[in-house]
Amino acid sequence: MSKFTVEGKQRLSGLLKVNGAKNSALKLMAASLLGQGIFWIEDVPQIADVLTMCGVLRALGVEAELANNRLNLVVNSLQGRPPWDLVRSMRASIQIMGPLLAKLGWVEVAKPGGCAIGARPLDLHLSGFEKMGAVIETTNGLIKARAKRLQGADITLRYPSVGATENIMMAAVLARGETIIRNAAREPEIVDIQNFLNKMGARIEGAGGALIKIKGVTDLGAADFKVIPDRIEAGTYILAALISQGEITLENIVPEHLGALLDVVKTLGGEIEFKNGRLTVHSPAKLKPFEVSTNPYPGFPTDLQPQLVVVATQAGGLSTLRESVFNQRFGYIPQLEKMGARIKVKDYTAFIQGHSPLNGANLVVSDLRAGAALVLAALAARGESAISGIEHIDRGYEQMEEKLSLLGAKIKRSLGKGGLSEK
Ligand code: EPZ
């Protein structure tokens with residue numbers, strides 16, 4: 001097992017290029033199943049989850065090659081039963097369900113379990129497919145769905161689930177007639193998938209708003225496409241800069257996608273400049289406390305909640321952070337307490353005492369964003385920290401230690417490369 005060793009208290013500064021968005025790239029890969037032919041997708045992050053998705057696509061009959069952040073996919077004939085272990089190892093692989101059901105008329109996929117950040121049911125995905133005429137049966141952890149041809153439907157989501165919005169949108173693209181998704185998730189990644197599918201020949205409008213309309217077509221071709229920048233990766237490095245009292249500049253960034261975070265940066269006392277396509281963050285001498293709640297986009301992203309909690313430990317006074325998206329996303333807090341953080345959690349809200357000097361410690365990562373948060377804590381701590389379980393970090397951050405080292409952090413990976421085999 002690999003681990004990071006981090007020597008804290010180094011100020012971060014310099015220029016960093018943000019990768020393409022994990023949470024878009026994975027869904028574009030799933031969406032390609034709806035088409036036919038040769039795809040070139042640019043700015044695909046070389047992270048473990050993308051490699052897992054390459055494995056899923058290959059098992060379904062797709063040729064998939066990733067090199068230098070360019071992904072080549074060749075989609076011809078497909079089968080609809082991906083290997084159980086691959087699907088269970090990554091929740092995002094459930095996004096192949098809508099495309100395969102629409103394309104083949106059937107799909108059999110392992111049901112992903114809950115995970116370290118909470119219960120993650122699929123009721124909104126499955127009831128959406130059922131509304132479109134699919135017959136679904138779940139036995140012994142296997143979901144089997146069938147439909148001769150899906151029918152357009154008017155679907156209102158009880159909650160703006162990102163995954164359900166995407167899965168239903170992808171299924172509807174080849175359905176007969178029009179599908180309307182109400183109370184749809186509005187994340188930028190959903191707009192990216194709409195743009196990709198429309199380039200393949202789909203007729204979708206409204207993504208980015210709460211009402212999406214999809215007019216079904218009979219078939220789709222291939223497309224060349226560039227993935228949008230990863231707003232969560234960008235946000236993670238912005239918060240890393242603040243916690244180190246540094247100043248960093250990011251390129252490949254869409255500031256509008258970072259609105260809620262940039263508001264918090266200002267509350268913290270940070271200054272932001274956007275010039276020539278680059279965003280620079282200057283840290284204040286003293287960070288100010290804040291009150292924030294995570295929310296679906298355009299609210300503050302749950303995927304930056306753990307990193308912001310760490311920043312709060314270094315702010316002046318008491319900060320509060322309410323988690324409203326997932327029901328168990330504070331599991332990393334005992335690790336921070338080992339370092340000297342003073343945090344109480346009550347009813348999904350973390351109350352974080354600022355002015356808490358952190359000390360280096362042996363830390364264990366439980367999930368992707370918790371891992372990023374522990375790295376930030378180690379950067380702020382006095383002395384050395386050893387962070388194990390970094391395969392979780394490799395799922396979503398490309399070469400995090402190399403990027404942080406470029407900014408002046410003292411961070412090293414030891415014992416292997418975390419299983420990333422494709423370059
Ligand atoms: C996506 O997960 C992201 N994953 C998550 O990023 C992100 O945290 C999340 O959206 C919210 O922004 C990918 O894009 C691969 P949801 P997803 O469906 O689609 C409930 C990361 O760290 N819900 O919007 O699974 C669910 O329980 C990851 O990069 C239902 O009740 O999120 C949760 O409370 C982690 N029924 C809420 O909705 C359903 O059928 C949000 O989930 C589906 C979801």
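None of these values were measured; they are calculated from a predicted model.
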[X] [atom1] to [Y] [atom2] distance, which is reported to the nearest 0.5 Å:
X: L220; Y: L33; atom1: CG; atom2: CG; answer: 11.5 Å
X: D49; Y: R395; atom1: CG; atom2: CZ; answer: 4.0 Å
X: S366; Y: I117; atom1: OG; atom2: CD1; answer: 10.0 Å
X: Q46; Y: D394; atom1: CD; atom2: CG; answer: 12.5 Å
X: L101; Y: L34; atom1: CG; atom2: CG; answer: 10.5 Å
X: N72; Y: I41; atom1: CG; atom2: CD1; answer: 9.5 Å

Answer whether the closest heavy-atom distance between the side chains of [X] and [Y] falls below 4.5 Å.
X: R182; Y: I155; answer: no
X: L250; Y: L15; answer: no
X: F4; Y: I393; answer: yes
X: P188; Y: V254; answer: no
X: S293; Y: L321; answer: no
X: S388; Y: V365; answer: no
X: H257; Y: E187; answer: no
X: I343; Y: F351; answer: no

Is a side-chain donor or acceptor of [X] paired with a backbone partner of [Y] at a separation under 3.5 angstrom?
X: K22; Y: V50; answer: no
X: Q314; Y: S356; answer: yes
X: N359; Y: R382; answer: no
X: T267; Y: D263; answer: yes
X: T294; Y: P301; answer: no
X: N183; Y: L157; answer: yes
X: R369; Y: Q307; answer: no
X: K103; Y: G35; answer: yes
X: E251; Y: G277; answer: no
X: K338; Y: N362; answer: yes

Are [X] and [Y] within salt-bridge range, i.e. N to O under 4.0 Å?
X: E233; Y: K403; value: yes
X: E323; Y: R329; value: no
X: R278; Y: E273; value: no
X: D123; Y: R158; value: yes
X: K226; Y: D192; value: no
X: E42; Y: R70; value: yes
X: D43; Y: K17; value: yes

Quiz prompt | Verdict with supporting geometry, N23 and E189, side-chain hydrogen bond (donor to acceptor under 3.5 Å, both in side chains) | solution = CA-CA 7 Å; N23 288 346; E189 292 75 19; over 6 Å; no

Quiz item: What's the verdict on side-chain hydrogen bond (donor to acceptor under 3.5 Å, both in side chains) for Q245 and S283, showing C-alpha distance, side-chain angles and the deciding distance?
Solution: CA-CA 5 Å; Q245 296 188 316; S283 297; over 6 Å; no

Quiz prompt | Stepwise side-chain hydrogen bond (donor to acceptor under 3.5 Å, both in side chains) test for Y332 and Q305 | solution = CA-CA 11 Å; Y332 60 90; Q305 176 260 102; 2.5 Å; yes

Quiz item: Should the ring pair F39 and F196 be called parallel, tilted or perpendicular, given that the plane angle runs from 0 to 90° and is split at 30 and 60?
Solution: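 If you compare the ring of F39 with that of F196, the planes turn out tilted.
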
Quiz prompt | Audit row: I390, I387, side chain to side chain contact (heavy atoms under 4.5 Å, CB included) steps and yes/no | solution = CA-CA 7 Å; I390 61 171; I387 306 178; 4.1 Å; yes

Exercise. Locate the shortest heavy-atom distance separating I352 from A312; write the atom from each residue and the value.
Key: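 Looking at all heavy atoms of both residues, the shortest contact is CG2-CB, 3.7 Å.
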
Practice problem: Show the numbers, then the answer: is there a side-chain hydrogen bond (donor to acceptor under 3.5 Å, both in side chains) between H125 and N167? | Solution: CA-CA 7 Å; H125 302 237; N167 232 340; 3.0 Å; yes

